[in-house]
There are 2 protein chains.
Amino acid sequence: MDKKLATLKEIAKRLNVSISTVSRALHDHRSIGIRTKTRVQQLAKELNYEPNQTAIFFQQRKTFTVGVILPRLSEAFFSSAISGIEDCANKHNYTVLMGQSHDNEEREKKIVETMKNHRVDGLLVSISKNTSSYEHFEALRKYNIPIVFFDCIPRMSNIHYVACNMQSGTIQAINFLIDKGHRVIGMINGPEKLLACQERQDGYMKAMARNRLKFDPFLLISTDLSTEMVYEATRQLLNSKRKPTAIVAFNDYVALDAVQYARKEKRKINKDICFVSYANLPITNYTAFPPLASVEQFPYQQGQKAMETLLELIDSKKDDSEVATYFKIILDSQLIIHENK
Amino acid sequence: MDKKLATLKEIAKRLNVSISTVSRALHDHRSIGIRTKTRVQQLAKELNYEPNQTAIFFQQRKTFTVGVILPRLSEAFFSSAISGIEDCANKHNYTVLMGQSHDNEEREKKIVETMKNHRVDGLLVSISKNTSSYEHFEALRKYNIPIVFFDCIPRMSNIHYVACNMQSGTIQAINFLIDKGHRVIGMINGPEKLLACQERQDGYMKAMARNRLKFDPFLLISTDLSTEMVYEATRQLLNSKRKPTAIVAFNDYVALDAVQYARKEKRKINKDICFVSYANLPITNYTAFPPLASVEQFPYQQGQKAMETLLELIDSKKDDSEVATYFKIILDSQLIIHENK
DNA sequence: TCTTACGGCACAAACGTTTGCGCTTCTTTT
DNA sequence: AAAAGAAGCGCAAACGTTTGTGCCGTAAGA
């Protein structure tokens with residue numbers, strides 16, 4: 001049995017050459033004669049030689065591995081994003097170490113710890129919406145492990161991130177509704193501390209103002225995105241004094257929950273009340289009352305872009321040029337209007 | 001700046017002790033005196049010492065990393081499964097390296113290669129439905145990397161796997177339909193080469209036979225699960241001589257496609273034609289015409305179980321007891337009847 | 001013919017850890 | 001009081017690779 005994997009040493013011994021010669025021969029180094037080169041390469045093939053990556057990682061202080069930390073893969077946004085990340089990583093011979101925080105701060109911290117111990121070359125993270133302290137990320141600075149945040153960005157200064165500008169899409173969404181004749185428009189937003197929520201709110205207010213519509217704070221409700229709280233928010237909106245005829249929901253899941261609640265209250269969807277949301281998930285194709293339009297956030301592209309900038313950071317680390325500039329990459333969101341069937 | 005991470009050597013030098021003493025002290029080894037032990041541990045804390053895992057991996061020939069290869073995370077089944085895997089892995093201080101094959105054989109092979117090079121301690125894989133040769137998995141035997149397959153199992157002998165018995169759930173599904181008065185029941189199945197499809201078929205035939213219903217081969221259609229082919233299959237079923245009043249679909253996605261096609265043909269869902277499927281995805285809660293019932297496959301539990309058995313294999317490798325017995329773990333699927341709303 | 005150059009290879013250090021073994025210096029036992 | 005044991009620590013090898021440096025011999029230039 002070839003239980004024992006072949007090593008450089010083994011090859012060297014059999015060929016009566018030095019280990020360094022074998023190493024260089026396999027790397028096609030110019031200082032090795034063509035004769036020995038082929039002899040080495042041939043024997044390596046015969047013995048099924050595979051370089052021991054763990055040894056190389058160790059020796060080079062580099063693992064060609066990046067860690068990805070995100071709330072949950074069951075959300076289509078993230079599974080899309082990680083595909084972008086993975087494709088880009090593979091293209092550059094990196095692999096991805098995965099960790100789901102499940103929106104739990106403790107888990108997030110533990111994952112960061114594990115990744116640090118595994119000596120990942122860099123980290124890609126979309127923070128948990130319940131994370132309030134950022135020490136665990138700050139700590140990584142000391143270890144010189146670059147981080148690129150995406151989608152859910154912490155409110156820290158001096159960080160690299162890739163995000164989708166929610167404001168532009170929100171404005172498009174509101175304009176779309178106003179074009180359709182709506183005047184009283186509600187919004188079911190997410191946790192206020194998230195940047196993306198702030199942007200949604202800003203877009204909402206800006207678009208209303210530009211159209212000379214009054215901003216009613218009662219029509220803008222923050223939630224934790226749980227079904228219960230979304231139901232409650234929908235209830236409040238539907239029963240508020242100034243009856244909204246349209247609601248912009250934080251994302252498709254929220255929209256679907258809101259639709260469901262509205263139907264329980266016997267409202268006619270797309271008649272009494274219309275919905276617009278964010279994400280543009282494939283499942284909305286199958287639902288009874290999909291949102292009229294969705295703001296697309298391009299998760300795949302975000303993941304890809306985040307990975308690209310992380311690779312840049314990793315490479316720039318070599319020539320220890322202090323990174324004085326921080327990447328802030330913003331993709332524009334875009335309203336996708338669904339066909340009426 | 002503490003750019004340079006502390007090492008055992010560094011600590012040893014400062015304390016004028018040997019490296020081995022430091023190592024043992026930090027491991028609470030009994031042969032080290034309490035005095036030096038505390039001195040070492042204290043300094044380690046001060047210097048923010050973190051063991052260099054890459055060195056340890058290298059030295060111990062073990063990476064505490066398992067590779068997970070699956071078709072795509074965007075399918076709810078797999079994102080659920082990987083959660084089970086991850087939770088179990090974390091519990092045992094393992095991390096997971098991720099790779100999506102996107103049902104592409106070449107990608108699958110490349111991922112296997114990468115994982116091998118990264119010296120993962122073991123592999124968890126759900127094979128691509130387009131994979132026809134299994135050499136890349138066979139090859140891993142030589143390297144002594146254990147594999148546990150789950151969900152999509154290759155037709156190889158002498159492998160470990162965890163799967164869900166689709167036959168039992170299928171029989172339950174057919175019985176459910178027969179109870180409801182259906183007599184002519186169609187099935188839209190997946191690729192024949194998948195074991196799970198064979199089981200569905202066996203369950204279908206068995207259940208029909210037990211109920212003394214004739215088996216009509218025209219009512220059982222295999223597809224590649226693409227929307228187009230599902231449409232075509234649905235068309236054939238709806239227009240076959242013996243009009244089926246119910247259809248069992250390979251999974252919820254297939255069911256939703258089939259429903260969509262049936263509606264295009266102006267069939268009344270749950271009246272002219274009923275659907276039952278597999279998976280029990282959350283999205284079916286939001287759809288207009290969810291299947292009447294779904295066969296639950298317990299992806300989280302499958303992932304968990306697969307990870308557990310992989311860990312067992314990894315541990316058993318130490319005491320080089322030849323594994324003569326192969327794990328074949330079968331969970332029972334179970335029909336979940338959806339509430340009528 | 002003498003110097004210079006270079007092609008082709010070997011030596012050895014280094015990366016950070018773990019661990020078997022051996023060496024002291026005490027303490028205990030007989 | 002001598003022998004035996006134990007407690008506490010150091011030495012050094014090993015894991016597999018990369019890479020800077022040095023050496024030898026042959027070929028090219030003057």
Side-chain angles (χ1 to χ4, degrees), chain A residues 2-41 43-44 47-65 93 116-119 121 143-144 318, chain B residues 2-41 43-44 47-65 93 116-119 121 143-144 318:
Chain A
D2 27 346
K3 286 263 179 191
K4 291 283 153 251
L5 295 197
T7 66
L8 291 186
K9 199 196 287 185
E10 176 71 15
I11 299 182
K13 201 189 297 175
R14 297 212 196 191
L15 256 41
N16 255 325
V17 295
S18 78
I19 295 179
S20 53
T21 300
V22 177
S23 173
R24 284 190 245 255
L26 291 176
H27 283 88
D28 228 4
H29 196 281
R30 54 190 175 74
S31 83
I32 302 296
I34 183 74
R35 296 241 9 188
T36 37
K37 225 182 239 180
T38 51
R39 283 206 314 151
V40 167
Q41 289 171 351
L43 183 59
L47 294 183
N48 257 314
Y49 169 78
E50 305 266 357
N52 184 336
Q53 294 286 359
T54 64
I56 299 178
F57 293 160
F58 168 53
Q59 209 264 145
Q60 314 245 296
R61 282 163 222 77
K62 183 147 172 40
T63 58
F64 282 98
T65 305
N93 282 316
K116 185 180 68 186
N117 284 343
H118 271 252
R119 293 289 200 272
D121 293 334
Y143 298 96
N144 223 357
K318 285 183 206 151
Chain B
D2 27 346
K3 285 261 178 191
K4 290 283 153 253
L5 295 196
T7 67
L8 291 186
K9 199 196 285 184
E10 176 70 15
I11 299 181
K13 202 190 296 176
R14 296 214 196 190
L15 255 42
N16 254 326
V17 294
S18 77
I19 294 178
S20 53
T21 300
V22 177
S23 172
R24 284 189 247 256
L26 291 176
H27 283 87
D28 229 2
H29 197 281
R30 54 190 174 72
S31 83
I32 303 295
I34 182 75
R35 296 240 10 187
T36 36
K37 224 182 243 180
T38 50
R39 281 207 313 152
V40 168
Q41 289 170 351
L43 183 59
L47 295 184
N48 257 315
Y49 169 77
E50 304 266 357
N52 183 335
Q53 295 285 358
T54 65
I56 298 177
F57 293 160
F58 168 52
Q59 211 264 146
Q60 314 245 294
R61 282 161 222 79
K62 181 146 172 45
T63 58
F64 282 99
T65 305
N93 282 315
K116 185 180 69 185
N117 284 343
H118 270 254
R119 293 290 199 273
D121 293 334
Y143 298 96
N144 224 354
K318 286 183 205 152

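The sequence lines fix the lettering, A, B, ..., with proteins before strands; numbering per chain opens at 1. Quantities reported herein were computed from a predicted structural model and do not represent experimental measurements.
Remark on the helix from C:dT1-D:dA30 to C:dT30-D:dA1: inter-end axis angle 50°, axes from five-pair C1' superpositions, rounded to 10°.
Across all their heavy atoms, A:Q53 and B:N117 have their closest contact at CG-O, 2.5 Å.
Across the protein-nucleic acid pair, B:L15 atom CG and D:dC9 atom C1' stand 13 Å apart, rounded to whole Å. If you take CZ of B:R30 and P of D:dG8, they are 11 Å apart, rounded to a whole angstrom. Atom P of nucleotide C:dG8 and atom CZ of A:R39 are separated by 14 Å, given to the nearest angstrom. Atom pair B:R35:CZ and D:dA7:C1' shows a separation of 16 Å (rounding to whole Å applied).
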Walk along nucleotides 12-18 of chain C from 5' to 3' and tag each nucleotide B, S or - by protein heavy-atom contact under 4.0 Å, base first, then sugar-phosphate. B--BBBB

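Residues passing the ring pair (Phe, Tyr, Trp, His ring centres under 6.0 Å) test with B:F64 are B:Y94, sequence neighbours excluded. With sequence neighbours excluded, the residues that form a side chain to side chain contact (heavy atoms under 4.5 Å, CB included) with A:K9 are A:T7, A:I19. Every residue two or more places apart in sequence or in another chain that forms a side-chain hydrogen bond (donor to acceptor under 3.5 Å, both in side chains) with B:E50 is listed here: A:K116, A:Y143. With sequence neighbours excluded, the residues forming a salt bridge (charged side-chain N to carboxylate O under 4.0 Å, His left out) with A:R14 are A:E10, listed by chain and number. The side chain to side chain contact (heavy atoms under 4.5 Å, CB included) test applied to A:L26 returns A:L8, A:V22, A:V40, A:Q41, A:A44, A:Y49, not counting sequence neighbours. The side-chain hydrogen bond (donor to acceptor under 3.5 Å, both in side chains) check on A:H29 picks up A:S31, with sequence neighbours excluded. Scanning for side-chain hydrogen bond (donor to acceptor under 3.5 Å, both in side chains) contacts around A:T65 gives an empty result, with sequence neighbours left out. In terms of the side-chain hydrogen bond (donor to acceptor under 3.5 Å, both in side chains) criterion, residue partners of A:N52 (sequence neighbours excluded) are, by chain and number, A:T54.
Using a 4.0 Å heavy-atom cutoff across all strands shown, B:T36 reaches sugar-phosphate atoms only and no base atom.
Of the side-chain N and O atoms in A:T21, one or more sit less than 4.0 angstrom from OP1 or OP2 of C:dA10.
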Pairwise N/O distances under 3.5 Å, protein to nucleotides 22-24 of chain D:
none

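Sorted by first then second residue, the salt bridge (charged side-chain N to carboxylate O under 4.0 Å, His left out) pairs that include residues 23-36 of chain A, not counting sequence neighbours, are A:D28-A:K37.
Ring geometry for B:H118 against A:F57 counts as tilted: the plane angle lies between 30° and 60°, on a 0 to 90° scale.
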